[in-house]
Amino acid sequence: MPELPEVETTRRGIAPHIEGRAIRGVTVREPRLRWPVPVAALDVLKDTTVTAVDRRAKYLLLRTARGTIMLHLGMSGSLRVVSPDTPAAVHDHVDILFEGDACLRLRDPRRFGSVLWFDAEAPLPAVLARLGPEPLDPAFDGDHLYGRSRGRRRSVKDFIMDGRIVVGVGNIYAAEALFDAGIHPARAAGRVGRARYRALAQAIKRILGEAIERGGTTLRDFTSATGAPGYFRISLAVYGRAGAPCRRCGHTLRTRRLGQRATVYCPHCQT
DNA sequence: AGTGCGGCCTGTCCGC
DNA sequence: TGCGGACAGGCCGCAC
């Protein structure tokens with residue numbers, strides 16, 4: 001379940017290995033990902049140079065003069081740079097082979113991830129066009145949340161997990177940020193005041209920012225681009241701690257389902 | 001328009 | 001021990 005910090009950590013890990021290098025070929029062992037892998041489009045990328053590795057929301061964007069390869073890690077995806085003669089393991093679905101013998105390998109057991117392509121001539125694809133601001137961008141702040149939430153009756157947790165409002169806030173960080181800001185996750189988005197939204201936006205920025213800075217991860221099974229160890233888990237205040245005492249007040253943390261997902265919160269600190 | 005839910009997947013864990 | 005079922009979760013697309 002790569003969240004935004006994992007995706008950014010992955011971006012930083014793979015970029016030095018592939019930026020400025022030409023693609024030698026693409027191997028697709030399993031095209032049935034979240035969307036079908038556009039094998040034909042990828043096939044003609046031989047000798048095309050990846051000029052930059054960008055990120056938008058949880059999408060990794062491999063820029064070339066012809067267009068962009070868009071990678072999403074879904075829930076279980078990981079990217080590693082391996083030697084081209086490394087045998088492919090089960091769930092190693094796609095390889096992008098580069099000059100200089102770097103092989104970018106996508107593994108994704110659950111296949112919720114995706115490999116997409118959009119042509120340089122084509123308009124911005126819908127999946128990117130509808131996305132809200134990046135959480136660490138100055139354009140995202142408490143006033144943005146406040147303005148977009150007026151009249152909304154859905155839960156504030158669902159609201160901040162909506163990619164049209166702000167991107168990159170998954171289930172784990174939503175729970176953590178709401179705890180930090182003292183907001184009950186089931187509260188209607190339209191009934192959260194401006195000051196509390198400012199606290200919430202700051203919490204989102206701080207928590208995501210710290211996780212990115214430390215190159216850390218919330219994942220049990222996250223592997224870095226080189227497979228190197230050394231990644232540690234970010235300490236989480238509420239996620240995964242249902243039934244345990246709140247670190248702030250000692251009350252027992254509760255769990256409840258909200259929009260199909262488990263949410264942990266402190267019934268005393270979050271109102 | 002806003003909201004909520006089903007579906008896509010497989011590995012892991014739980015109870016019987 | 002083996003097995004079925006619940007659960008995990010990002011994000012699209014559909015129905016109300």
Side-chain angles (χ1 to χ4, degrees), chain A residues 1-11 28-38 55-61 70-79 88-94 106-116 118 124-132 134-135 145-178 185-192 204 208 211 217-223 233-234 236 238-243 255-264:
Chain A
M1 47 192 115
E3 296 253 5
L4 191 106
E6 286 80 29
V7 178
E8 177 60 21
T9 298
T10 296
R11 187 193 72 76
V28 179
R29 298 182 198 84
E30 173 55 87
R32 295 173 303 166
L33 303 187
R34 179 71 176 80
W35 294 288
V37 177
R55 179 187 59 75
R56 175 74 174 102
K58 293 178 184 170
Y59 290 94
L60 289 169
L61 306 170
M70 210 163 32
L71 303 168
H72 197 291
L73 301 179
M75 309 242 341
S76 59
S78 61
L79 282 170
V90 65
H91 304 314
D92 284 346
H93 304 312
V94 177
L106 172 71
R107 177 178 303 177
D108 187 3
R110 293 181 207 173
R111 291 198 268 127
F112 276 24
S114 56
V115 178
L116 298 172
F118 68 93
L124 197 64
V127 286
L128 293 184
R130 59 178 159 234
L131 293 176
E134 290 286 326
L145 289 177
Y146 180 80
R148 293 293 300 270
S149 62
R150 292 309 88 190
R152 300 286 205 103
R153 282 185 288 184
R154 68 194 306 204
S155 72
V156 62
K157 175 161 182 273
D158 273 0
F159 175 70
I160 60 170
M161 288 179 65
D162 186 334
R164 291 165 298 187
I165 304 301
V166 58
V167 302
V169 182
N171 199 39
I172 297 172
Y173 288 104
E176 294 296 313
L178 286 165
R187 174 175 284 273
R191 305 198 57 177
V192 176
I204 290 170
L208 287 175
T217 175
T218 53
L219 306 181
R220 276 163 302 197
D221 52 358
F222 181 71
T223 46
R233 294 192 66 176
I234 299 293
L236 300 171
V238 287
Y239 184 85
R241 295 193 66 239
T255 183
R256 84 184 244 179
R257 290 191 81 76
L258 213 55
Q260 313 278 74
R261 284 178 199 89
T263 299
V264 187

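Letters A, B, ... mirror the listed sequences (proteins, then strands); counts begin at 1.
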Residue [X], side-chain heavy atoms: nucleotide from [options] that is nearest:
| X | options | value |
| --- | --- | --- |
| A:Asp158 | C:dC11, B:dG4, C:dC12 | B:dG4 |
| A:Arg110 | C:dG13, C:dA8, C:dG10 | C:dA8 |
| A:Val127 | B:dT10, C:dC12, B:dT3 | C:dC12 |
| A:His91 | C:dG10, B:dG4, B:dG11 | B:dG11 |
| A:Lys58 | C:dA8, B:dC9, C:dC11 | C:dC11 |
| A:Arg152 | C:dA8, B:dG2, B:dG11 | B:dG2 |

Exercise for the section: Check whether the side chain of A:Arg261 and the base of C:dA8 form a donor-acceptor pair under 3.5 Å. Expected result: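 Result: no qualifying N/O pair found.
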Main-chain N/O of [Y] paired with [X] side-chain donor or acceptor, under 3.5 Å:
| X | Y | result |
| --- | --- | --- |
| A:Asp92 | A:Ala89 | yes |
| A:Arg150 | A:Gly190 | yes |
| A:Ser149 | A:Arg152 | no |

Return the value, rounded to whole Å, for the distance between atom [atom1] of [X] and atom [atom2] of [N].
| X | N | atom1 | atom2 | answer |
| --- | --- | --- | --- | --- |
| A:Arg154 | B:dT3 | CZ | P | 6 Å |
| A:Asp162 | C:dG13 | CG | P | 14 Å |
| A:Met161 | C:dC11 | CE | P | 9 Å |
| A:Leu33 | C:dG10 | CG | C1' | 14 Å |
| A:Asp108 | C:dG10 | CG | P | 13 Å |
| A:Arg34 | B:dC9 | CZ | P | 9 Å |
| A:Leu131 | C:dC12 | CG | C1' | 12 Å |
| A:Glu30 | B:dT10 | CD | P | 9 Å |

Practice task
Decide yes or no on side chain to side chain contact (heavy atoms under 4.5 Å, CB included) for A:Val127 and A:Phe118, but give the supporting numbers first.
Solution key: CA-CA 11 Å; A:Val127 286; A:Phe118 68 93; over 6 Å; no
Practice task
Count the heavy atoms of every other residue, nucleotide or ligand shown that sit under 6.0 Å from CZ of A:Arg32, and state whether that count exceeds 12.
Solution key: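 For A:Arg32, atom CZ is not crowded (no more than 12 foreign heavy atoms under 6.0 Å).
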Touch class at under 4.0 angstrom, heavy-atom based, for [X] against every strand present:
| X | value |
| --- | --- |
| A:Arg153 | sugar-phosphate |
| A:Arg148 | nothing |
| A:Tyr59 | sugar-phosphate |
| A:Arg32 | nothing |

Handout entry: Short side-chain N/O contact to B:dT10 OP1/OP2 from A:Arg111, under 4.0 Å
Key = yes
Practice task
May I ask you to verify if any side-chain N or O of A:Arg257 is less than 4.0 angstrom from the OP1 or OP2 atom of C:dA8?
Solution key: yes
Handout entry: Watson-Crick or G-U wobble partner of C:dT1, both distances under 3.5 Å
Key =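 Answer to the pairing question: none, since C:dT1 forms no Watson-Crick or G-U pair.
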Practice task
Find out whether A:Arg153 and A:Arg191 are in side-chain contact, i.e. whether some heavy atom of one side chain is under 4.5 Å from a heavy atom of the other.
Solution key: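 In short, these two side chains do not touch, never coming nearer than 4.5 Å.
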